[in-house]
Amino acid sequence: MTRPLRRILGWALCIAGGIAALAGAWGIGAYAWGVIDVLDEPDQSWMFWGLVFLFGGIMMLFLGIGAILLGREALRR
């Protein structure tokens, strides 16, 4: 792979990874906010139905961190 293409790919991975990591952090935060919001309510089903945001956020966070690390490795070479 040529050097300019590797640099573009590295930066693209870093930017996409950063966006994915931010989206993952938002998902985790949305679940935590929702759980805190329903603690006093009689219907606390959000704790179950909101797990989609929690698990999706965890996956996006790990994918984003992995993409950032791959992008940094591509830029380092």
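Cluster partners of I36 are absent, since no Ile, Leu, Val, Met, Phe, Trp or Tyr has side-chain heavy atoms less than 4.5 Å from it.
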Quiz: residues 42-62 side-chain donor-acceptor pairs under 3.5 angstrom, not counting sequence neighbours:
unit_1 : atom_1 : unit_2 : atom_2 : d
D43    : OD1    : S45    : N      : 3.3
D43    : OD1    : S45    : OG     : 3.2
Q44    : NE2    : L39    : O      : 2.9
Q44    : NE2    : E41    : O      : 3.4

Atom pairs and distances, side-chain donor-acceptor, residues 2-27, under 3.5 Å, sequence neighbours left out:
unit_1 : atom_1 : unit_2 : atom_2 : d
R3     : NH1    : R77    : O      : 3.1

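Linking Ile, Leu, Val, Met, Phe, Trp and Tyr whenever their side-chain heavy atoms come within less than 4.5 Å leaves I68 and I65 in two separate clusters.
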